[in-house]
A.B. asks: 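Pasting a structure below so you can have a look.
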Amino acid sequence: MITYRLSKQQARMFLLHHQRLVPGGLRGGKRSIVEYVRHVGCIQYDPLSIAGHNHELVLQARVPGFVPGLANELLYTDRVLYDGWDKNMSIYCTEDWPYFRRLRDQALARQHGNEVLLKTIMQVREALMERGPLSSLDLEGKEKMNWAWAPARITRAALETMYFRGEVSVHHRVHTRRYYDFTANLLPERILNADEPNPTQEQYNDWYVLRRIGSIGLLWNKSGDGWLGISGLKSKERTAAVQRLLLNDSIREVHVDGLKLPLYMRSLDAPELEAVLQREAAGADNPAGAKSGDGFAAALAPLDNLLWDRELIRQLFGFHYRWEVYKPAAEREFGYYVLPLLCGDRFAARFEPVMNRKNGVLSINSWWWEPGETLTADMVPVIADAISSLARCNRAVSVAFRPEVIQGCGLQELSDAVNDLCNAQA
């Protein structure tokens with residue numbers, strides 16, 4: 001069995017290369033978006049849009065010139081990406097749709113005893129055939145039933161039941177509202193009729209464990225958010241899958257200095273790791289006199305793939321991040337919607353952006369430097385590029401740092417550089 005021994009810096013650099021969070025990691029355009037999603041399996045969707053939806057923030061951090069319309073075209077016009085369910089609500093390549101047949105079959109077996117729901121499903125089918133793509137608000141009926149996290153209108157429950165069964169898919173969204181159509185109208189026949197690629201439960205578990213390791217790059221066999229959303233995969237089944245994948249060399253063990261547990265990587269990513277190690281040996285990733293990787297910065301999404309296992313990030317990067325949107329205001333350490341700022345191979349800061357859709361201004365309401373970090377001249381252009389990318393993603397006409405933020409955190413030069421970039425892009 002092939003194993004690797006890495007320093008924390010080597011592990012960080014491999015993760016960042018794997019996540020395409022390095023200079024030149026991806027080119028611009030839709031092809032790069034598909035390339036990245038295929039590489040990591042899926043990216044998470046979240047309905048909150050304080051400064052862009054989560055999947056948009058993931059992509060703007062990596063794809064030069066990204067704007068949300070590119071992802072929307074891939075999802076709802078080209079149908080190359082699918083608005084589905086993987087690590088909770090997610091976006092994945094449409095070619096992966098057959099791999100989730102098991103989940104759709106499980107959904108088909110549920111709710112059979114609810115006659116009202118089944119009757120409503122029949123009515124929804126008729127409405128879709130007569131009227132085309134619909135949202136739950138386009139359907140009559142105000143009666144509610146217990147559903148997911150809270151009571152919901154039966155028409156919504158019916159549409160979502162059909163969605164989880166695969167009978168309907170998301171035709172398009174208006175903001176966060178989903179409009180559904182029959183999947184047969186949206187996906188090619190070769191995908192709709194494809195056989196289950198993993199006929200046994202063990203094969204399915206192995207596929208999903210391998211997929212999830214690749215979604216991050218390095219992952220340990222330890223319960224945490226990195227493993228969320230895999231139905232029926234408990235610790236025992238996950239451990240068995242890890243052992244099978246090791247035996248057939250689908251994954252390899254990685255020991256990192258200072259970490260008690262081994263990490264795992266996909267064997268197919270070994271050339272990328274070896275290239276990282278060669279570059280480090282040659283000094284390419286850490287030139288003399290520079291902090292490692294200062295040539296790149298990115299504002300990361302709260303649910304960015306790199307951050308899926310936050311304990312792993314804490315141990316590798318020394319950065320403790322929590323998404324505090326669901327915490328009461330009095331219990332928040334930082335703020336409601338705070339984004340981490342990656343700079344090279346470290347997290348230099350976190351900040352709180354809010355997009356005003358009415359006046360087109362992206363406001364930076366708060367900023368917190370990590371211990372030992374301050375703005376230096378060589379950080380200005382790369383961080384300015386990261387903030388201007390966030391502004392472009394939000395279609396902002398300008399970026400406004402609050403005066404007390406500029407003064408308290410020494411950001412005047414950064415503020416000027418960001419708005420120079422925004423003006424140049426206008």
Side-chain angles (χ1 to χ4, degrees), residues 1 15 18-19 34-46 54-55 58 81-110 163-166 169 187 191-192 194-254 261-270 272 303-312:
M1 182 175 68
L15 271 177
H18 182 86
Q19 285 296 334
V34 177
E35 175 188 324
Y36 175 71
V37 175
R38 183 179 289 124
H39 176 62
V40 296
C42 76
I43 55 179
Q44 281 189 258
Y45 175 88
D46 188 84
N54 186 79
H55 70 285
V58 170
L81 298 182
Y82 187 78
D83 189 336
W85 195 268
D86 186 346
K87 188 178 183 291
N88 302 327
M89 289 186 290
S90 295
I91 291 166
Y92 58 80
C93 289
T94 302
E95 64 201 35
D96 288 348
W97 199 77
Y99 286 86
F100 295 95
R101 181 180 295 277
R102 187 178 300 269
L103 297 183
R104 294 191 292 273
D105 290 345
Q106 291 171 0
L108 191 61
R110 296 194 294 266
Y163 167 70
F164 284 115
R165 293 175 178 180
S169 293
L187 301 188
I191 289 178
L192 286 170
D195 294 332
E196 163 66 75
N198 298 302
T200 71
Q201 186 66 43
E202 279 193 358
Q203 289 173 318
Y204 176 76
N205 290 348
D206 292 357
W207 169 79
Y208 225 147
V209 167
L210 182 64
R211 179 180 179 86
R212 193 54 60 84
I213 290 171
S215 293
I216 300 174
L218 290 171
L219 188 56
W220 45 26
N221 182 17
K222 173 183 176 180
S223 296
D225 287 355
W227 298 109
L228 284 180
I230 306 180
S231 177
L233 191 79
K234 305 300 182 184
S235 177
K236 179 181 177 181
E237 291 79 15
R238 186 179 69 238
T239 298
V242 166
Q243 292 306 311
R244 288 190 296 269
L245 292 167
L246 283 169
L247 285 172
N248 64 28
D249 195 34
S250 293
I251 62 173
R252 294 179 182 175
E253 203 169 73
V254 179
L261 293 177
L263 304 180
Y264 301 97
M265 59 174 285
R266 297 183 303 195
S267 296
L268 64 86
D269 295 321
E272 189 167 54
L303 302 174
D304 193 280
N305 291 53
L306 179 67
L307 303 173
W308 280 5
D309 193 309
R310 290 179 180 145
E311 176 58 20
L312 179 60

A.B. asks: Spell out, as yes or no, whether a donor-acceptor pair under 3.5 Å connects the side chain of Ser215 to the backbone of Val40.
C.D. replies: yes

A.B. asks: Could you tell me whether the side chain of Arg211 reaches within less than 4.5 Å of the side chain of Lys87, counting heavy atoms only?
C.D. replies: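 Counting from C-beta outward, Lys87 and Arg211 never come under 4.5 Å.
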
A.B. asks: Verify, without hydrogens or angle tests, whether His39 (side chain) and His18 (backbone) share a donor-acceptor contact under 3.5 angstrom.
C.D. replies: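 Answer holds: yes.
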
A.B. asks: May I ask you to test the Leu233-Tyr204 pair for a side-chain heavy-atom distance under 4.5 Å?
C.D. replies: no

A.B. asks: Would you compute the distance between atom CG of Leu268 and atom CD1 of Ile251 and round it to the nearest 0.5 angstrom?
C.D. replies: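 Rounded to the nearest 0.5 Å, the CG-CD1 separation comes to 11.5 Å.
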
A.B. asks: Just wondering, do Leu187 and Tyr82 contact through their side chains at under 4.5 Å, heavy atoms?
C.D. replies: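 Sidechains of Leu187 and Tyr82: in contact.
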
A.B. asks: Donor-acceptor pair, Asn54 side chain versus Gln44 backbone, under 3.5 Å?
C.D. replies: yes

A.B. asks: Which pair of heavy atoms, one from Ile230 and one from Arg212, lies closest together, and at what distance?
C.D. replies: CG1-NH2, 3.7 Å

A.B. asks: Using only atom types and a distance under 3.5 Å, with no angle test, would you say the side chain of Gln243 pairs donor to acceptor with the backbone of Ala240?
C.D. replies: no

A.B. asks: If you measure only the distance, is there a donor-acceptor pair under 3.5 Å linking the side chains of Asp86 and Tyr45?
C.D. replies: no

A.B. asks: What distance do Glu196 atom CD and Arg104 atom CZ have between them, rounded to the nearest 0.5 Å?
C.D. replies: 8.5 Å

A.B. asks: Measure the spacing between NZ of Lys222 and OG1 of Thr239 and express it to the nearest 0.5 Å.
C.D. replies: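 Nearest 0.5 Å value for the NZ-OG1 distance: 13.5 Å.
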
A.B. asks: Any chance you could measure Met265, atom CE, to Leu219, atom CG, to the nearest 0.5 Å?
C.D. replies: 13.0 Å

A.B. asks: If you look at every heavy atom in Pro199 and Gln203, which pair is closest and at what distance?
C.D. replies: CD-OE1, 3.0 Å

A.B. asks: Taking the side chain as everything from C-beta on, heavy atoms only, tell me whether Asn205 gets closer than 4.5 Å to Arg244.
C.D. replies: yes

A.B. asks: Of all heavy-atom pairs between Glu253 and Pro262, which one has the smallest distance, and what is that distance?
C.D. replies: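 Glu253 and Pro262 have their closest heavy atoms at CG-CB, 3.6 Å.
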
A.B. asks: Taking atom CH2 of Trp220 and atom CG of Leu261, what is their separation to the nearest 0.5 Å?
C.D. replies: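 Between atom CH2 of Trp220 and atom CG of Leu261 there are 6.5 Å.
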
A.B. asks: Report yes if the side chains of Pro98 and Ile191 come closer than 4.5 Å at any heavy-atom pair, otherwise no.
C.D. replies: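 Side chain of Pro98 against side chain of Ile191, heavy atoms only: contact under 4.5 Å found.
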
A.B. asks: Parallel, tilted or perpendicular: which describes the rings of Phe100 and Tyr208, with under 30° parallel and over 60° perpendicular?
C.D. replies: perpendicular

A.B. asks: Taking all atoms of both residues into account, what is the closest heavy-atom pair of Leu312 and Leu218, and its distance?
C.D. replies: CD2-O, 3.3 Å

A.B. asks: Using modelled atom types and a 3.5 Å cut-off, is there a donor and acceptor pairing between side-chain atoms of Arg102 and backbone atoms of Asn198?
C.D. replies: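 Checked: pair present.
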
A.B. asks: Rounded at 0.5 Å granularity, tell me how far CD1 in Ile216 sits from CG in Leu307.
C.D. replies: 9.5 Å

A.B. asks: Would you check, one step at a time, whether the test side chain to side chain contact (heavy atoms under 4.5 Å, CB included) holds for Arg266 with Glu272?
C.D. replies: CA-CA 11 Å; Arg266 297 183 303 195; Glu272 189 167 54; over 6 Å; no

A.B. asks: Are Cys93 and Leu81 side-chain neighbours, meaning at least one heavy-atom pair lies under 4.5 Å?
C.D. replies: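 Cys93 vs Leu81: side chains touch.
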
A.B. asks: Would you say the side chains of Gln19 and Tyr36 form a donor-acceptor pair under 3.5 Å?
C.D. replies: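 On atom types as modelled, these side chains qualify, holding a pair under 3.5 Å.
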
A.B. asks: Looking only at heavy atoms, what is the nearest atom pair of Leu246 and Met1, with distance?
C.D. replies: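 Residues Leu246 and Met1, closest heavy atoms: CD2-SD, 3.7 Å.
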
A.B. asks: Mind listing the closest non-hydrogen atom pair of Trp308 and Cys42 along with its distance?
C.D. replies: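 So the minimum-distance heavy-atom pair works out to CH2-SG, 3.7 Å.
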
A.B. asks: Between Ser231 and Gln106, is any pair of side-chain heavy atoms under 4.5 Å apart?
C.D. replies: yes

